[in-house]
Amino acid sequence: MSKVNLALPSVQIREIRINSITGFFGDAKELVTASHCGSLKDRNRSFSQCLGCSISKAACMTVLIQDGAVIAHGPIGCSSCLHEFAFTYKVNGPGRGVEHPTQRKIFSTNLQEKDTVYGGAQKLAKAIREVRQRTHANAIFVLTTCAAGIIGDDVESVCNEAEEELGVPVVAIFCEGFKSKIWTTGFDAAYHGIARKLIAPPEKRRPDMINVINFWGSDVFQDWFAPFGAKPNYITP
């Protein structure tokens, strides 16, 4: 497994970083043997109906940030999956100890055909300023879609310039769906951005606290960590 490099704006996809696959034909013994010797290969399939998109996985983590706003940089349809996570936040927030869950702040740059020809960078920069003005969010996440990736918008530069101008973290999350066949790469992209822009370098170790990076759900870690004299610190929400 390669080390995560937070100096890079984009995380490696799981096919490269941990040799993930989505399809394997063979018995359990062959699977274990191939995994141990590093010869595990993805098996192409002619049909699949269970694949998700990386942007929805990145969204379900960033939407849970209590004080943030999320912008999907792409056509309006790519942001449709984000709104279901507003409900997820209301369910997960109290379960994770958030006493006063705030309203979710979800936006789209709504790229049009003209934008795919001339570029959507200026539209994104304007959207970031407007979102900050309207929501006063203390962090803004920009999720890239396939359209933004295909036309080659320099999202990282736009976010860095906006961050300097606005004085709050503006985090580019590179989660275009076509980048990886492993939809869970979206989780990696979200946490890569969070670790890169929001988490400060540690000053000292706290033996009473353990950082938790996981999926949705109620607070099961409180009981697990109690015998060790520790409590969980959820990265999201």
Side-chain angles (χ1 to χ4, degrees), residues 4 8-24 42-65 68-89 91-92 104-113 115-116 120-121 123-124 127-128 131 140-156 158-159 170-197 213-217 235-237:
V4 175
L8 297 176
S10 180
V11 71
Q12 281 187 319
I13 61 176
R14 289 199 177 190
E15 291 96 321
I16 295 175
R17 189 170 63 84
I18 54 177
N19 197 31
S20 291
I21 66 171
T22 59
F24 174 81
D42 202 4
R43 179 68 179 266
N44 290 329
R45 292 166 291 174
S46 60
F47 175 77
S48 177
Q49 63 184 43
C50 298
L51 296 179
C53 182
S54 291
I55 189 174
S56 65
K57 313 314 167 192
C60 75
M61 294 292 101
T62 52
V63 165
L64 296 180
I65 299 291
V70 178
I71 302 173
H73 182 40
I76 190 67
C78 292
S79 67
S80 61
C81 63
L82 276 65
H83 294 278
E84 65 180 280
F85 303 125
F87 171 76
T88 303
Y89 175 84
V91 173
N92 281 264
R104 299 299 81 217
K105 307 170 185 73
I106 303 168
F107 301 87
S108 170
T109 53
N110 189 22
L111 292 183
Q112 303 291 308
E113 184 176 355
D115 301 314
T116 64
K123 197 171 189 179
L124 173 60
I128 294 172
V131 167
I140 298 174
F141 300 95
V142 176
L143 276 52
T144 58
T145 64
C146 293
I150 290 171
I151 64 178
D153 277 350
D154 189 355
V155 175
E156 177 72 1
V158 172
C159 289
V170 181
V171 188
I173 307 292
F174 295 94
C175 50
E176 304 96 310
F178 65 78
K179 289 178 64 175
S180 171
K181 293 182 179 179
I182 313 295
W183 53 267
T184 45
T185 291
F187 295 127
D188 302 338
Y191 279 118
H192 185 83
I194 291 170
R196 190 166 64 97
K197 287 289 189 82
I213 298 175
N214 81 322
F215 199 44
W216 307 336
I235 305 302
T236 62

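Quick caveat, the model's predicted, so the values are computed rather than measured.
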Indicate the atoms forming the closest heavy-atom contact of Pro75 with Ala147, along with that distance.
CD-CB, 3.6 Å
Distance from Ile55 atom CD1 to Cys60 atom SG, nearest 0.5 Å?
11.5 Å
Can Val142 and Ile173 be said to form a side chain to side chain contact (heavy atoms under 4.5 Å, CB included), step by step?
CA-CA 6 Å; Val142 176; Ile173 307 292; over 6 Å; no
Looking only at the side chains, is there a donor atom on one of Lys57 and Thr185 sitting less than 3.5 Å from an acceptor on the other?
no
Would Phe141 and Ile65 count as a side chain to side chain contact (heavy atoms under 4.5 Å, CB included) if you check the C-alpha gap in whole Å, the side-chain angles of each, and the deciding distance to 0.1 Å?
CA-CA 10 Å; Phe141 300 95; Ile65 299 291; 3.8 Å; yes
Closest contact, heavy atoms only, Val131 versus Ala69
CG1-CB, 3.6 Å
Are any non-hydrogen side-chain atoms of Ile140 and Val171 less than 4.5 angstrom apart?
no
Got a second to check how far Ile150's CD1 is from Thr116's OG1, nearest 0.5 Å?
9.5 Å
Can you tell me how far the CD1 atom of Ile128 sits from the SG atom of Cys159, to the nearest 0.5 Å?
4.5 Å
Output for pair (Cys175 SG, Asp188 CG), nearest 0.5 Å, gives 11.5 Å
Can you tell me how far the OH atom of Tyr191 sits from the CE atom of Met61, to the nearest 0.5 Å?
4.5 Å
Using the rule side-chain contact (heavy atoms from CB on, under 4.5 Å), only one of Val155, Thr145, Leu143 pairs with His73; which is it?
Val155
Which residue is it: His192, Lys179, Arg196? I am looking for the one with a side-chain contact (heavy atoms from CB on, under 4.5 Å) to Ser10.
Lys179
In the structure I gave you, are the side-chain heavy atoms of Val70 and Phe107 within less than 4.5 Å of one another anywhere?
no
In this structure, which one of Asp115, Asp153, Thr109 forms a side chain to side chain donor-acceptor pair (under 3.5 Å) with Lys123?
Asp115
Shortest non-hydrogen separation from Ile151 to Gly120 and the atoms involved:
CD1-N, 4.1 Å
Is there a side chain to side chain contact (heavy atoms under 4.5 Å, CB included) between Val158 and Glu156 once you walk through the steps?
CA-CA 5 Å; Val158 172; Glu156 177 72 1; over 6 Å; no
